Each structure stands twice: as C-alpha cells, then as structure tokens.
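Note that this is a predicted model, so its numbers are computed, not measured. In what follows, chains carry the letters A, B, and so on, assigned in the order in which the sequence lines appear, proteins first and then strands, with residues in each chain numbered from 1.
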2 protein chains.
Amino acid sequence: MPNAAPSFQPLYLQVKDLVEKSLAAGEWGPGAAIPSEALLAQRFGVSQGTVRKAIDAIAAENLVVRRQGKGTFVATHTEEKSSLFRFLRIRRNDGRDEYPASRILDVRRGKASVEAARHLDLDPGDPVILLRRVLEFSAEPVVLDDITLPGALFKGLTKARADAYRGSMYGLFEAQFGVRMLKAKERLRAVAADAASARILKVRIGDPLLWVDRVTLTYADRPVEWRRGLCATRRFHYVNELG
Amino acid sequence: MPNAAPSFQPLYLQVKDLVEKSLAAGEWGPGAAIPSEALLAQRFGVSQGTVRKAIDAIAAENLVVRRQGKGTFVATHTEEKSSLFRFLRIRRNDGRDEYPASRILDVRRGKASVEAARHLDLDPGDPVILLRRVLEFSAEPVVLDDITLPGALFKGLTKARADAYRGSMYGLFEAQFGVRMLKAKERLRAVAADAASARILKVRIGDPLLWVDRVTLTYADRPVEWRRGLCATRRFHYVNELG
DNA sequence: CAGTGGTCTAGACCACATC
DNA sequence: ATGTGGTCTAGACCACTGG
C-alpha cells in the first residue's frame with residue numbers, strides 16, 4: 001500500500017523527520033503521550049514496523065521515552081531522575097550521590113557580546129539575558145555559572161521567577177518558556193581563579209579551576225544557551241564516559 | 001521453529017551475548033568479517049531478523065562495523081580515522097584539526113600501588129607496566145600521560161617495541177597484545193602543575209593543568225588500563241558532547 | 001552475477017498497564 | 001478485556017560490492 005513517496009530517503013527516516021517536526025512544533029507537550037504506533041502508521045500510510053523503527057531512532061536521541069504497556073512520551077526535564085544527571089557531570093570525589101542546590105545571584109538583560117553572538121547564532125548587540133548562579137553541594141559553593149540566553153526566547157525571565165521555580169534550570173526553561181534543551185557541546189580547560197570567582201567559590205586567587213564552556217542546542221541543533229562554568233575541583237570532579 | 005529456549009531474556013539479547021562472547025574469545029580477529037546474518041541465523045536457529053537486531057545492538061556499542069554489500073567487521077583501532085578521535089578528546093583552541101605525535105619517555109615494570117590495584121581490579125603488589133609518554137601537537141608538549149597496565153596482559157611490552165609501532169597506543173595494544181579497548185570512564189579536575197610536570201609541559205610551577213583520570217575497559221567491562229593525564233590547556237581544550 | 005547488509009511489510013504472539 | 005509497546009518470524013524487494 002505505501003511507498004507512494006519516490007524519495008531517496010528510507011521511509012522510516014521520513015517518518016522520523018515528520019514525527020520530530022511535530023515534536024519541535026509542540027504538537028504534544030512535554031510529558032504527554034504521542035499517538036500509538038498503530039495510529040501513526042495509519043496517519044502516514046506505512047506499516048507499524050516502519051513507525052517502530054522511526055520511533056526507536058527518536059528514542060535513541062532521548063527526545064522521547066518508551067514505556068511498555070503505557071505508550072511513548074515526550075521526554076521532559078521535570079521528571080526522570082535518570083535524565084537529570086545527563087547534563088550534570090559534577091560529582092563528589094568521595095562517591096556520595098548528591099544533587100546540588102542552585103543559588104541565583106543575578107538576572108539581568110544585556111546585549112550580546114561578539115563571543116555570545118557567535119555561540120548563540122545571534123548578531124552582536126542583540127538582546128540577551130545574563131544569569132549568574134552558583135551550584136552548592138551541602139552548602140559548599142562548587143560551580144559558578146554565567147549563563148547567556150537569547151532574549152527573544154526568554155522574554156519574561158526574572159530573578160523572582162527563576163527563584164520561584166522548583167527544579168532544574170532546564171526544567172524551568174522547558175516548563176515556562178517552551179524551550180527544550182536536547183543536547184550540548186562542551187569544551188573544558190583548566191584556568192586560574194580570578195578575584196571575583198575566587199571570592200564566590202571560596203578558593204584563593206590563582207587556584208586552579210575547571211573551566212566548562214557549554215553551548216546547548218534545541219531542535220534542529222539550534223543553539224539556545226551559552227554557559228560558562230567555573231568549578232572548584234578539590235573535592236569534586238567532572239565525569240565522562242567514552243563509548 | 002525456534003523459541004526452544006524457555007529463557008527470561010529476549011532471543012535477540014541471547015544472540016547478542018553469544019556473538020559478543022565469540023568476539024571476546026577472538027573467534028574473528030580485529031578487522032575480520034564476522035559470518036553473514038544468514039549464517040548466524042542458521043547457526044543459532046533463529047530468524048535473520050532476530051540476528052539483525054542483535055548485531056544492530058552490538059554495532060551501536062562500536063564493537064562491530066556494518067558495511068553494506070560487504071559484511072560486518074570486527075571494529076579495530078588500527079584503521080578508521082573516525083574511530084581514532086573517539087578516545088582522543090584534546091583539540092586545538094583555534095579549531096584546526098591535528099593529530100598529535102606520541103613521544104614515549106619511559107617504560108618500566110613495577111608493582112601495583114593501592115590506587116592502581118583498585119582501578120585495575122588487581123591486588124596491590126601485582127606486576128604492572130608503567131608507561132610515561134607525552135602528546136605533542138606541532139612539537140609542542142600538551143599532554144603528559146602516566147599509563148599503568150596489568151603486567152599479565154602486556155608481557156613483552158618494552159620501550160623499543162612501543163617506539164617501533166606506527167599508530168595509536170590502543171592500536172598497539174590491540175595489534176600486539178590482543179587487548180581491545182572498548183570504552184572508558186574519565187574523571188576530570190583542575191590541578192596546579194608540580195615541578196616535574198611543569199618542566200615536561202613547559203609551563204610554570206603552579207600553572208593550572210587539566211587532570212584526566214581514565215580507566216579503560218575491555219570485554220565484560222574488565223579494566224585493562226589506568227591512565228592519568230595532565231594537559232596544558234592554554235592553546236588546547238577537551239571536548240565533550242552531551243546527548 | 002551472487003552475496004551482503006538495508007528496508008518494508010503483515011501477522012502472530014508476549015509482557016505490561018489500566019480499567 | 002483492551003490497548004500499549006516488545007519480540008519474532010517469513011518473505012519480498014532494494015542498494016551496494018565485487019568477481
């Protein structure tokens with residue numbers, strides 16, 4: 001019956017693209033169930049096996065979560081403990097699991113620097129929101145993050161609003177601004193603490209800090225966050241798995 | 001016809017385990033083709049689709065590489081430019097692609113320290129091989145690696161033999177000792193350079209260095225290398241992708 | 001040409017969740 | 001009982017490789 005499309009791409013990849021477009025368009029909200037495989041097969045005029053392969057690929061990218069017997073759901077940052085740690089790579093040296101608290105120091109509007117514009121695919125001078133926060137483990141300041149966001153996407157973001165939100169930064173972005181952080185590219189270096197960072201992180205000026213530059217992407221690999229973190233790694237470290 | 005096994009595991013996972021066991025046992029050497037899907041299906045008494053799913057999963061773990069029209073091949077560190085950069089995360093800040101040279105400073109036998117034993121799942125005092133080398137980009141020393149290997153697995157490893165090998169460290173381990181590095185866990189910190197490291201990396205004592213601790217695993221997640229790297233990140237950085 | 005992996009289908013049955 | 005995803009099969013056809 002199917003195979004009406006004379007396209008060069010496999011059917012299941014075409015289906016994958018269509019479903020991802022619907023996800024990007026917000027056809028189904030975060031945490032909601034997407035239509036069953038049978039329904040999607042009917043909608044696109046392909047077999048259920050083809051839909052299955054498409055959704056398998058989407059699930060492999062963590063855009064969607066399968067739950068046997070229940071359905072397939074749009075992934076979200078507001079639940080799923082497992083997902084939380086996907087973007088948080090700082091751990092205690094002693095191995096104890098601990099989820100840090102986020103203390104917001106400042107939120108203000110500004111204009112994109114040349115560097116910020118480059119990372120966020122904006123023009124220099126475009127409106128941005130600058131957010132500074134500290135991650136604390138057991139009340140000990142460990143990471144100082146300077147976060148730059150495109151002003152156009154985060155219009156009403158204020159310190160009060162961010163303080164009021166219970167959950168992760170990315171949960172806030174998703175729940176209140178409809179911006180879904182899907183993947184990120186990071187660059188790490190070791191740098192010496194300057195006066196301001198040293199004061200906030202309670203280390204000495206010149207002490208080594210882990211410098212983490214992150215650009216976070218949403219659908220279609222569009223950059224929507226640029227973040228520079230400085231991490232005091234005396235009792236903490238950054239974890240990574242090479243597969 | 002199949003379904004003879006009253007097991008709790010899906011058939012394709014059983015097949016996956018069997019094929020992985022054959023890989024671990026070296027039934028097919030690095031770079032060699034494994035049997036075709038049809039042959040494996042026949043061998044295990046399952047359908048080709050089930051074998052396909054099993055091999056898909058193995059390919060997703062980079063143990064094996066599919067090549068349409070040719071076959072499925074045991075992955076190797078000695079070819080595939082793409083694979084080389086999987087374990088090498090250091091890049092130039094200016095974005096230029098460059099593959100570094102490895103200069104071996106020293107290879108000697110020793111006894112496992114408590115720390116080495118813990119990382120390599122040995123007993124303290126067990127024989128190990130200690131290898132120290134420098135990675136150089138354009139003749140500039142950038143990374144100082146102290147590598148600890150289980151003596152039992154790398155019996156004849158000497159400086160002369162390592163110097164003679166053309167290719168990556170993991171290519172050497174695979175080609176000459178039959179030890180395949182499959183994945184790794186890393187922990188990163190920022191530290192201050194001590195006298196010895198500073199001299200080799202040509203930085204000042206106290207300068208910040210990126211500290212990279214890596215345990216590399218082979219089949220069955222068995223640890224077979226512990227490596228501590230110190231990286232001067234003035235003109236270089238460590239890259240990571242969060243998916 | 002034959003052999004390989006890659007796609008697609010249709011249908012059966014299983015495992016799990018919910019009502 | 002029904003609906004969901006999960007497994008498995010059998011067979012057809014496509015796309016690529018190499019003799």
| Which whole-number value in Å describes the distance from B/Gln42 CD to D/dA10 P? | 13 Å
| query | Within less than 4.0 Å of OP1 or OP2 of C/dG5, is there a side-chain N or O belonging to B/Thr72? | reply | yes
| said: Is the ring pair B/His77/B/Tyr170 parallel, tilted or perpendicular, if the boundaries are 30 and 60 degrees? | reply: perpendicular
| field | Atom-to-atom span, CZ of B/Arg67 to C1' of D/dA15 - whole angstrom | value | 17 Å
| request: Report yes if a side-chain nitrogen or oxygen of B/Lys53 is closer than 4.0 Å to either non-bridging phosphate oxygen (OP1 or OP2) of D/dC8; otherwise report no. | output: no
| task | Whole angstrom is fine here: how far is it from CG in A/Asp56 over to C1' in C/dG6? | result | 15 Å
| Does a side-chain N or O from B/Arg52 land closer than 4.0 Å to OP1 or OP2 of C/dG6, or not? | yes
| task | Take atom CD1 of A/Ile58 and atom C1' of D/dG5, then tell me their distance rounded to the nearest Å. | result | 15 Å
| request: Specify the separation, in whole Å, of atom CD of A/Gln68 and atom C1' of D/dT4. | output: 8 Å
| Of A/Gly69 and B/Ile55, the one whose closest DNA chain C nucleotide lies more 5' | B/Ile55
| From C/dT7, D/dT9, C/dG5, nucleotide with atom closest to B/Leu11 side chain | D/dT9
| query | Out of D/dC16, D/dT9, C/dC8, which nucleotide sits closest to the side chain of B/Val46? | reply | D/dT9
| Distance test, side-chain N/O of B/Thr50 to OP1/OP2 of D/dC8, below 4.0 Å | no
| Quick one: do the A/Glu37 and A/Gln48 side chains pair a donor with an acceptor below 3.5 Å? | yes
| How long is the line joining CZ of B/Phe73 and C1' of D/dG18, in whole Å? | 12 Å
| field | Electrostatic pair A/Arg43:A/Glu27 at N-O distance under 4.0 angstrom | value | yes
| said: Testing the 3.5 Å rule here: is there a donor-acceptor pair between the side chains of A/Asp213 and A/Trp226? | reply: yes
| query | For the pair made of CD in A/Gln48 and P in D/dG5, what is the distance, rounded to whole Å? | reply | 8 Å
| Taking 4.0 angstrom as the limit, do A/Glu186 and A/Arg89 come out as a salt bridge? | no
| What's the OH-C1' distance between B/Tyr12 and D/dG5, to the nearest Å? | 12 Å
| said: Quick check on C/dC16: is either OP1 or OP2 less than 4.0 Å from any side-chain nitrogen or oxygen of A/Lys70? | reply: no
| Looking for any heavy atom pair under 4.0 Å, which part of the strands does B/Glu37 touch: base, sugar-phosphate only, or nothing? | sugar-phosphate
| said: Let's see if you can work this out: which of D/dG6, D/dT7, D/dA10 has an atom nearest to the side-chain heavy atoms of A/Arg66? | reply: D/dG6
